[in-house]
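Read the structure below first, then the notes.
Labels below follow one simple rule: chain letters A, B, ... track the order of the sequence lines, proteins then strands, and each chain is numbered from 1.
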2 protein chains.
Amino acid sequence: MEKALQYILEGTLQNMARPPLFDMSLLLDAAVRLAAEAGPAGVTMSAVAAAVGAPSGSVYHRFAGRPALLAEVWLRTVERFQEGYFAALRSAPDPHAAGAAAARHIVAWSRAHPEEAALLLYGARDFGRDGWSAEHAERADRGHRRVRDAVGALARDLGAHTPQDTERVSLAVIDVPLSLVRRHLRGGTELPEHAEDLAERCTAALLAG
Amino acid sequence: MEKALQYILEGTLQNMARPPLFDMSLLLDAAVRLAAEAGPAGVTMSAVAAAVGAPSGSVYHRFAGRPALLAEVWLRTVERFQEGYFAALRSAPDPHAAGAAAARHIVAWSRAHPEEAALLLYGARDFGRDGWSAEHAERADRGHRRVRDAVGALARDLGAHTPQDTERVSLAVIDVPLSLVRRHLRGGTELPEHAEDLAERCTAALLAG
DNA sequence: CCCCTTTTGGAGAAGGCCCTCCAATACATT
DNA sequence: AATGTATTGGAGGGCCTTCTCCAAAAGGGG
């Protein structure tokens, strides 16, 4: 009865069907693992299937093709990250405090989700963005705009006037913390305990200077 | 006669042979172009051959295989970049001035060599470093150590004591300027005129703070 | 117990890529 | 002109990947 309700909510009226053994999130989890290990090139349809023990048909049942799979794994990761990132950016009325929270969030989230963070260090282009469907491209654009607007608002709160000022704020609250993460993830070492402190300090220096 | 001298200097004694139509640097140039367009995955042996109109045999005559080609294109690019980078780091006795020069060099070099700069935004791992020969791995290690030592020396001149201080200096003179380049190269826009100024300013803020 | 639907399980075609191999070639020297 | 050598030019095998297709399976609802 509860299952039925769930199916109705999802739009599946009529009769019930065989429950999935390999659902979308399971396949995406495997794709994340593969991408973290060997980069986007390692995310092949057959590798994902093999990673979860599924036949290739099941992968194609969930995703229209490799471009769709790459788009979904990239977008899910970015959107999961952004969820907390926007919250951090709005966590304080003082823009300096908000910037510090944003910087800490990037480092803390990457420490908690190292494999997904490894994905963020690539770009949508590396995940075949040029071949994505219009819907996937639109999702990516929407996320991109949201970040741009949020950082732009922060820059205004900080008294930024020129495009250079805005770019400096972007570097401070996005690129510098990400660089810190990249430095350790690429080096194979874990993020040290003080990484959040260092990120916050660098961000503050950039916002001030 | 001059050719003979050149051959002798290169160690080719004995008889002269057919001059190459597709030499190593020509093939590497094509590989750089391909990597800038489609990432390391786009650098296939057949794509490089097709890009210069050579038969695949000529590519294999120069490179033992795809891992060797990827290693050479990566190492040549990194070493070309480092050449000027070390000079900039040593261009002034004052460490703040040296850091500023280093930051400006990263941006200026990337503007002058956008395709090679696009390579630098990846990592050796993306170019298959795990499968490189011992010689190629050693070349990569040597370059890595030289950078580490040079930045470490700069950090000492700046009075850095803790590992965090050194890491902050690395961020200032390497990662922040690179992030600025990445931001524009990935966005498809050219580096603006003021990019060097912005990089220098950000680096100075990080070195101070 | 039967029905309906989704999902599984896997075979196989098509195409791309890595790499090998070898005869033909072109050229500086003698 | 003859020689010796590095290089070209390209055919082809083996492997991996993407993608299609379809019969069999599985399970909730009537």
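- By the side chain to side chain contact (heavy atoms under 4.5 Å, CB included) test, A:S46 is found to be paired with A:T44, residues two or more places apart in sequence or in another chain being considered.
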Nucleic acid footprint by protein, nucleotides 14-24 of chain D - heavy-atom cut-off 4.0 Å, B for base, S for sugar-phosphate alone: ---SSBB----

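- From one end of the helix from C:dC1-D:dG30 to C:dT30-D:dA1 to the other, with five pairs defining each end axis, the axis direction shifts by 10° (rounded to 10°).
- Partners of B:R142 under the salt bridge (charged side-chain N to carboxylate O under 4.0 Å, His left out) rule, at least two apart in sequence or in another chain, are B:E138.
- A straight line from NE2 of B:H61 to P of C:dA23 spans 17 Å, rounded to a whole angstrom.
- Annotation: side chain to side chain contact (heavy atoms under 4.5 Å, CB included) contacts of A:E196 (sequence neighbours excluded): A:R104, A:V107, A:A108, A:R111.
- Sorted by first then second residue, the salt bridge (Lys or Arg N to Asp or Glu O under 4.0 Å) pairs that include residues 71-87 of chain A, not counting sequence neighbours, are A:D29-A:R76, A:E72-A:R139, A:E79-A:R139, A:R80-A:E116.
- Contact of the B:L70 side chain with the B:D126 side chain is not registered, since no non-hydrogen atoms from C-beta on lie closer than 4.5 Å.
- Here A:Y122 pairs with nothing under the ring pair (Phe, Tyr, Trp, His ring centres under 6.0 Å) rule; sequence neighbours left out.
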Side-chain atoms of residues 30-40 of chain A: list all donor-acceptor pairs with protein atoms under 3.5 Å, sequence neighbours left out, distances to 0.1 Å.
none

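- Under 4.0 angstrom from either OP1 or OP2 of C:dT7 there lies no side-chain N or O belonging to A:S58.
- By the side chain to side chain contact (heavy atoms under 4.5 Å, CB included) test, B:T162 is found to be paired with B:Q164, B:D165, residues two or more places apart in sequence or in another chain being considered.
- Salt bridge status for A:D175 with B:R183: present, with a side-chain N to carboxylate O gap under 4.0 Å.
- No side-chain heavy atom of B:V181 sits less than 4.5 Å from a side-chain heavy atom of B:L120.
- Note: B:F81 and B:H113 fail the aromatic proximity criterion, with ring centroids not under 6.0 Å apart.
- Not counting sequence neighbours, the partners of B:R146 by the side chain to side chain contact (heavy atoms under 4.5 Å, CB included) test are B:F86.
- Residues of residues 21-40 of chain B having a heavy atom closer than 4.0 Å to DNA chain C: none are found.
- Side-chain contact check for B:W132 versus B:F127: some heavy-atom pair is nearer than 4.5 Å.
- Between A:R62 and C:dT7 there is a side-chain N or O to OP1 or OP2 distance below 4.0 Å.
- Proximity of residues 124-135 of chain B to DNA chain D (heavy atom under 4.0 angstrom from any strand atom) is not detected for any residue.
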